[in-house]
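Okay, structure first, notes after.
Every value quoted in this text rests on a predicted model; they were computed, and no experiment measured them.
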Amino acid sequence: MNEVKALIEKYWDKVREHRWYLHQHPEPSHQEKNTAAYIAKVLREIGLEPTENVGGYGVVALIEGKGPGKCVGLRADFDALEITECTGIPYASQNPGIMHACGHDTHTAMLLGAAYVLNELRDRFDGCVKLVFQPAEEDAADSGAKAMIADGVLENPHVDVMYGQHVWPALPTGKIGVRNGAMMASSDRFFITVRGKSSHASRPEGGIDAIMIASYIVAALQSIVARNVGPLDSAVITIGKITGGTRYNIIADEVKMEGTCRNLNPEVRKSMPERITKIARGIAEGMGGSAEVEYRMCYSPTVNDPEQFKLMCGVITETLGEDTLVIPENSALGGEDFSYYCEKIPCCFNWLGCHEEGTPEYPIHNGHFLVQEEAMPLGMETMVGAALKFLAQ
Ligand code: NI
């Protein structure tokens with residue numbers, strides 16, 4: 001493993017250069033054309049033959065070892081978010097209003113780094129490593145993982161196991177979290193349209209105020225979490241977008257809202273569409289309006305395979321030390337489309353601590369979110385180590 005460390009060090013400047021480039025040129029889900037082209041170019045430079053446009057802008061490359069064997073998949077996502085960057089760093093986003101606020105730039109740079117290292121070690125392992133660069137992780141309704149699987153990413157050759165990771169600001173740099181079983185929650189999406197009737201703002205009795213109805217719905221939805229979900233189960237309901245009305249002095253006749261639901265318990269998850277629909281309709285009708293709810297089941301929970309969890313713990317403790325491994329008590333309620341791979345083959349997903357101690361902690365999806373780059377070599381070592389360990393079995 002010292003050799004892996006040495007190779008990571010050898011390529012570190014290049015990896016950081018890729019990370020800075022990707023960070024400066026973020027592209028949102030389904031628009032990652034330039035990012036995909038960049039990844040393919042880097043892979044070609046080291047003699048790999050990437051396949052492009054797999055399930056959208058997905059890029060896949062195979063590193064074949066010295067003889068026949070199993071195939072291990074390593075996955076990184078590469079889409080960005082519609083957020084204005086506020087970090088003030090020299091390599092901040094050059095695309096106004098778009099930012100790598102979920103750290104997918106670092107995931108991709110780390111997988112490019114793993115490609116350099118594994119490519120140099122290819123005469124040292126049997127089997128092959130499939131590098132999966134995935135677009136559109138952030139679009140729960142039209143997931144990149146789902147599209148890549150539909151486009152055959154897990155076949156030819158068949159992928160036996162898959163590893164992935166996410167930078168994790170709740171853990172300091174130097175720690176890596178991994179759980180046996182559920183890591184991340186289901187992530188579903190819903191749309192509510194409230195209809196009322198417009199009127200002059202001074203004549204409310206002549207209209208039906210869709211904005212007021214929507215306000216009550218937003219507040220009442222939280223009663224599902226408080227009163228319908230058991231205190232020991234988990235649920236989050238968030239309305240993240242709301243639009244309605246045309247002018248300050250007109251009572252709005254329509255409001256559109258979009259939200260997400262997160263669960264770890266499949267039974268609780270199943271009950272959500274009906275609860276949300278009943279509340280939205282009941283309140284709207286009680287106030288003279290109407291509400292329509294469209295509920296889309298999207299990502300399942302991301303669940304680690306017990307064997308692969310064990311392997312990952314071994315890699316982390318053997319190569320990075322006992323102190324690096326953290327086994328978090330709870331899953332996170334964030335969603336992750338890595339769950340689609342978990343449904344098909346044994347997988348393991350880890351949380352790469354990336355918070356610089358002594359600095360303010362900003363969550364992912366925040367304009368100030370920044371990965372401490374010193375975490376990246378640890379992430380590469382984990383991915384490379386897991387691949388080599390699995391292939392050596
Ligand atoms: Ni993410």
Side-chain angles (χ1 to χ4, degrees), residues 1-8 11 15 60-65 69-77 106-122 124-134 153-154 157-168 171 174-181 183-184 302-328 336 338-339 341-342 344-354 375-393:
M1 286 318 278
N2 283 335
E3 199 173 0
V4 171
K5 276 189 214 289
L7 286 171
I8 288 172
Y11 288 110
V15 170
V60 182
L62 207 59
I63 301 176
E64 286 178 281
K70 297 207 162 176
C71 177
V72 53
L74 300 179
R75 175 271 208 173
D77 44 9
T106 61
H107 303 165
T108 296
M110 286 189 283
L111 190 54
L112 289 171
Y116 288 139
V117 174
L118 289 163
N119 195 44
E120 276 215 23
L121 295 173
R122 62 195 310 164
R124 311 281 284 280
F125 60 83
D126 288 322
C128 62
V129 180
K130 194 181 274 190
L131 306 164
V132 177
F133 293 91
Q134 184 212 298
V153 73
L154 296 180
H158 174 75
V159 180
D160 294 290
V161 297
M162 175 98 100
Y163 304 118
Q165 62 190 173
H166 204 295
V167 285
W168 208 250
L171 290 173
K175 300 284 183 192
I176 300 176
V178 58
R179 297 185 86 242
N180 191 4
M183 281 296 280
M184 312 284 292
T302 296
V303 181
N304 284 341
D305 174 78
E307 284 299 308
Q308 300 315 314
F309 160 76
K310 242 185 269 168
L311 180 143
M312 188 63 78
C313 290
V315 168
I316 294 167
T317 53
E318 286 154 28
T319 65
L320 300 168
E322 301 264 340
D323 286 352
T324 306
L325 178 67
V326 176
I327 300 186
E336 167 63 58
F338 193 74
S339 59
Y341 307 111
C342 300
K344 301 275 181 197
I345 55 173
C347 288
C348 192
F349 194 71
N350 71 60
W351 294 335
L352 178 65
C354 69
M376 293 171 64
L378 309 185
M380 285 187 271
E381 217 173 318
T382 307
M383 290 291 252
V384 170
L388 293 175
K389 187 165 182 147
F390 175 77
L391 293 175
Q393 278 176 349

* Leu62 side chain near Pro157 side chain, heavy-atom distance below 4.5 Å -> yes
* Full working for side-chain contact (heavy atoms from CB on, under 4.5 Å) between Tyr116 and Leu7 -> CA-CA 8 Å; Tyr116 288 139; Leu7 286 171; over 6 Å; no
* Can you find a pair of side-chain heavy atoms, one from Met312 and one from Asn180, that are under 4.5 Å apart? -> no
* Can you tell if the side chain of Met110 reaches within under 4.5 Å of the side chain of Gln165, non-hydrogen atoms only? -> yes
* Asked: Ignoring hydrogens and geometry, is there a side-chain-to-backbone donor-acceptor pair from Asp305 to Cys347 under 3.5 Å?
  -> no
* Asked: After noting the C-alpha distance and the side-chain angles of Glu120 and Tyr11, does the key distance pass the side-chain contact (heavy atoms from CB on, under 4.5 Å) rule?
  -> CA-CA 11 Å; Glu120 276 215 23; Tyr11 288 110; 2.4 Å; yes
* Rounded to the nearest 0.5 Å, what separation is found between the CE atom of Met380 and the CD1 atom of Ile8? -> 5.5 Å
* **Steps toward side-chain contact (heavy atoms from CB on, under 4.5 Å) verdict (Leu112, Val15)** => CA-CA 7 Å; Leu112 289 171; Val15 170; 5.9 Å; no
* Criterion side-chain contact (heavy atoms from CB on, under 4.5 Å) against Ile316, the qualifying member of Val326, Leu311, Asp323, Thr324 -> Thr324
* Quick one: OG1 on Thr302 to CE on Met183, what's the gap to the nearest 0.5 Å? -> 8.5 Å
* **Verdict with reasoning, Lys130 to Asp160, per side-chain contact (heavy atoms from CB on, under 4.5 Å)** => CA-CA 10 Å; Lys130 194 181 274 190; Asp160 294 290; over 6 Å; no
* In terms of the angle between their ring planes, are His166 and His107 parallel, tilted or perpendicular, with boundaries placed at 30° and 60°? -> perpendicular
* To do: For Phe125 and Leu118, work out which heavy atoms get closest and say how close.
  => CE2-O, 3.7 Å
* **For the student: nearest non-hydrogen atoms of Tyr163 and Phe338, plus distance** => C-CZ, 3.7 Å
* Structure fact -> So CG of Leu131 and OG1 of Thr108: to nearest 0.5 Å the spacing works out to 11.5 Å
* Asked: When rounded to the nearest 0.5 angstrom, what distance separates NZ in Lys175 from CG in Asn350?
  -> 14.5 Å
Tell me which donor-acceptor pairs under 3.5 Å the side chains of residues 382-393 have, and how far apart each pair is, sequence neighbours excluded?
| residue | atom | partner | partner atom | Å |
| --- | --- | --- | --- | --- |
| Thr382 | OG1 | Leu378 | O | 2.7 |
| Lys389 | NZ | Glu318 | OE1 | 3.0 |
| Lys389 | NZ | Glu318 | OE2 | 3.1 |

* Working to the nearest 0.5 Å, report the span between CE of Met162 and OH of Tyr341. => 4.5 Å
Without placing hydrogens or testing angles, list every side-chain donor-acceptor pair under 3.5 Å for residues 69-76, not counting sequence neighbours.
| residue | atom | partner | partner atom | Å |
| --- | --- | --- | --- | --- |
| Arg75 | NE | Gln134 | OE1 | 3.0 |
| Arg75 | NH1 | Glu336 | OE2 | 3.0 |
| Arg75 | NH2 | Gln134 | OE1 | 3.2 |
| Arg75 | NH2 | Glu336 | OE2 | 2.7 |
| Arg75 | NH2 | Asp337 | OD1 | 2.7 |

* State the CD1-CZ distance between Ile327 and Arg179, to the nearest 0.5 angstrom. => 9.5 Å
* Asked: Do His158 and Ile345 touch side chain to side chain, with heavy atoms closer than 4.5 Å?
  -> yes
* Asked: Under 4.5 Å between any side-chain heavy atoms of Thr319 and Val4, yes or no?
  -> no
